[in-house]
Amino acid sequence: MQERKIRDAVNQHTEGTVFLLKVDARDYQAATVSLFKEAAENDMPVIYVATKRPYVHLADVLKKNHLSQDFIYVVDAITKTITDEGVVNRDNVTFLDSPQNLTNVSTAISLMANKLDSDHALLVIDSLEALLTYNVEQAVSGFLNDLNDRTDTLSLDLVLFKQEQTSEEIGSTLYSIVDKTMLISKEETERIHVLERTQDHALIELSPDIVEALDWDEGDELSFTVKDGRLILKHA
């Protein structure tokens with residue numbers, strides 16, 4: 001379910017769409033990886049604005065999931081605030097002094113967008129909560145409205161990650177700019193979803209975690225029996 005929602009976010013929209021991803025903290029990494037994988041499959045560069053998780057963390061996640069950094073451009077606004085580790089000049093990474101200067105963040109996003117050899121890219125803000133930790137609500141509201149304007153001028157889609165309740169003022173800003181809200185949670189990814197049902201067949205979607213645990217591959221044919229109210233699946 002998580003992957004299908006992420007796939008819809010990348011594919012089924014008009015250019016300049018603003019997405020709000022509400023995600024539990026424990027599911028953030030999986031949702032981020034799914035987003036990067038879908039962007040890579042669609043040859044869509046990603047501008048990732050790090051306000052909570054530093055670049056070294058992102059690089060480690062990409063490495064563990066066998067994802068290339070070639071299509072990912074990072075505006076790291078948090079590393080210098082918490083440590084000097086990993087602050088090394090790179091063509092695809094810009095380190096800012098602090099997430100408190102939102103004008104600098106906006107400028108860095110534009111400079112990154114101008115580097116892209118693509119007509120369409122994905123802009124990801126890793127944490128609305130972190131922005132509110134380092135900035136007053138009015139400043140964050142202005143920043144979000146500015147990003148909304150840039151989605152059209154820079155040919156970007158915008159993804160905002162949200163993990164907690166936000167203030168009324170920020171909520172009002174989000175309501176005015178967000179085109180689509182998606183809930184990404186462990187509870188949803190563990191459910192079985194019936195996509196289609198007729199008298200003689202049913203089409204269901206399982207969590208990729210379940211498929212991986214069963215060691216199934218794309219295109220595998222399965223047979224099944226029903227016993228004691230349980231569905232027993234096996235390779236055909």
Side-chain angles (χ1 to χ4, degrees), residues 1-15 17-44 46 48 52-53 57-58 60-68 71-72 120 122 124-129 157-166 171 174-175 178-236:
M1 182 64 172
Q2 173 179 292
E3 279 73 14
R4 180 159 61 86
K5 286 188 173 183
I6 297 295
R7 186 168 59 249
D8 290 347
V10 174
N11 293 317
Q12 299 180 9
H13 63 275
T14 56
E15 191 173 297
T17 301
V18 178
F19 297 95
L20 179 65
L21 265 60
K22 296 182 178 180
V23 58
D24 294 337
R26 61 182 178 178
D27 301 314
Y28 170 83
Q29 182 170 307
T32 304
V33 170
S34 295
L35 190 64
F36 286 156
K37 285 183 176 178
E38 196 61 38
E41 290 179 4
N42 285 271
D43 296 321
M44 183 182 295
V46 176
Y48 182 89
K52 183 174 184 178
R53 299 163 185 84
H57 170 80
L58 175 63
D60 185 56
V61 169
L62 294 173
K63 183 178 180 180
K64 287 181 178 178
N65 288 275
H66 310 291
L67 285 167
S68 170
F71 72 102
I72 298 176
H120 191 194
L122 197 63
V124 178
I125 307 297
D126 74 335
S127 174
L128 285 175
E129 290 73 31
D157 290 326
L158 173 61
V159 175
L160 305 168
F161 274 96
K162 176 178 178 293
Q163 295 179 14
E164 303 167 9
Q165 288 292 103
T166 51
L174 290 175
Y175 178 80
V178 168
D179 300 302
K180 187 172 183 178
T181 301
M182 293 179 292
L183 175 65
I184 306 293
S185 70
K186 186 175 179 62
E187 179 182 351
E188 286 209 355
T189 60
E190 289 181 343
R191 292 175 57 190
I192 296 175
H193 297 269
V194 179
L195 305 180
E196 182 182 338
R197 188 199 302 273
T198 67
Q199 283 187 328
D200 58 1
H201 84 278
L203 178 64
I204 65 173
E205 181 178 58
L206 302 178
S207 163
D209 293 335
I210 296 175
V211 175
E212 183 177 349
L214 295 173
D215 196 25
W216 291 345
D217 295 318
E218 187 79 18
D220 279 355
E221 294 188 6
L222 309 171
S223 63
F224 73 92
T225 57
V226 178
K227 183 178 181 180
D228 299 328
R230 294 183 299 169
L231 182 67
I232 302 172
L233 292 167
K234 59 181 67 175
H235 283 96

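Computed from a predicted structure; not experimentally measured. If you read the sequence from its start, that first residue is 1, and numbering goes on from there. We use all heavy atoms of the structure for the numbers below, so side chains are in, but hydrogens, waters and symmetry mates are not.
- Side-chain N or O atoms of Asn42 include one that pairs as donor or acceptor with a backbone N or O of Glu38 at under 3.5 Å.
- Here Asp43 pairs with nothing under the salt bridge (Lys or Arg N to Asp or Glu O under 4.0 Å) rule; sequence neighbours left out.
- The line from CG of Asp157 to OG1 of Thr17 is 5.0 Å long, rounded to the nearest 0.5 Å.
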Derivation of the side chain to side chain contact (heavy atoms under 4.5 Å, CB included) call for Leu58 and Arg53: CA-CA 7 Å; Leu58 175 63; Arg53 299 163 185 84; over 6 Å; no
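- Scanning both residues, Phe71 and Phe36, for their nearest heavy atoms gives CZ-O, 3.5 Å.
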Might you work through the side chain to side chain contact (heavy atoms under 4.5 Å, CB included) test for Leu35 and Leu122, ending with a clear yes or no? CA-CA 10 Å; Leu35 190 64; Leu122 197 63; 3.9 Å; yes
Let me see the working for Phe161 and Thr32 under side chain to side chain contact (heavy atoms under 4.5 Å, CB included), right down to the final yes or no. CA-CA 9 Å; Phe161 274 96; Thr32 304; 3.9 Å; yes
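- The two atoms that bring Asp126 and Lys52 nearest to each other are OD2-N, 3.1 Å, heavy atoms only.
- For the side chain to side chain contact (heavy atoms under 4.5 Å, CB included) criterion with Leu20, the lone passing option out of Leu160, Asp179, Val159, Leu158 is Leu160.
- Atoms CD and OG, from Gln29 and Ser34 in turn, are 10.5 Å apart once rounded to the nearest 0.5 Å.
- Taking CG of Leu128 as the start and NZ of Lys22 as the end, the distance is 11.0 Å to the nearest 0.5 Å.
- How far CG of Leu21 is from NZ of Lys180: 10.0 Å, rounded to the nearest 0.5 Å.
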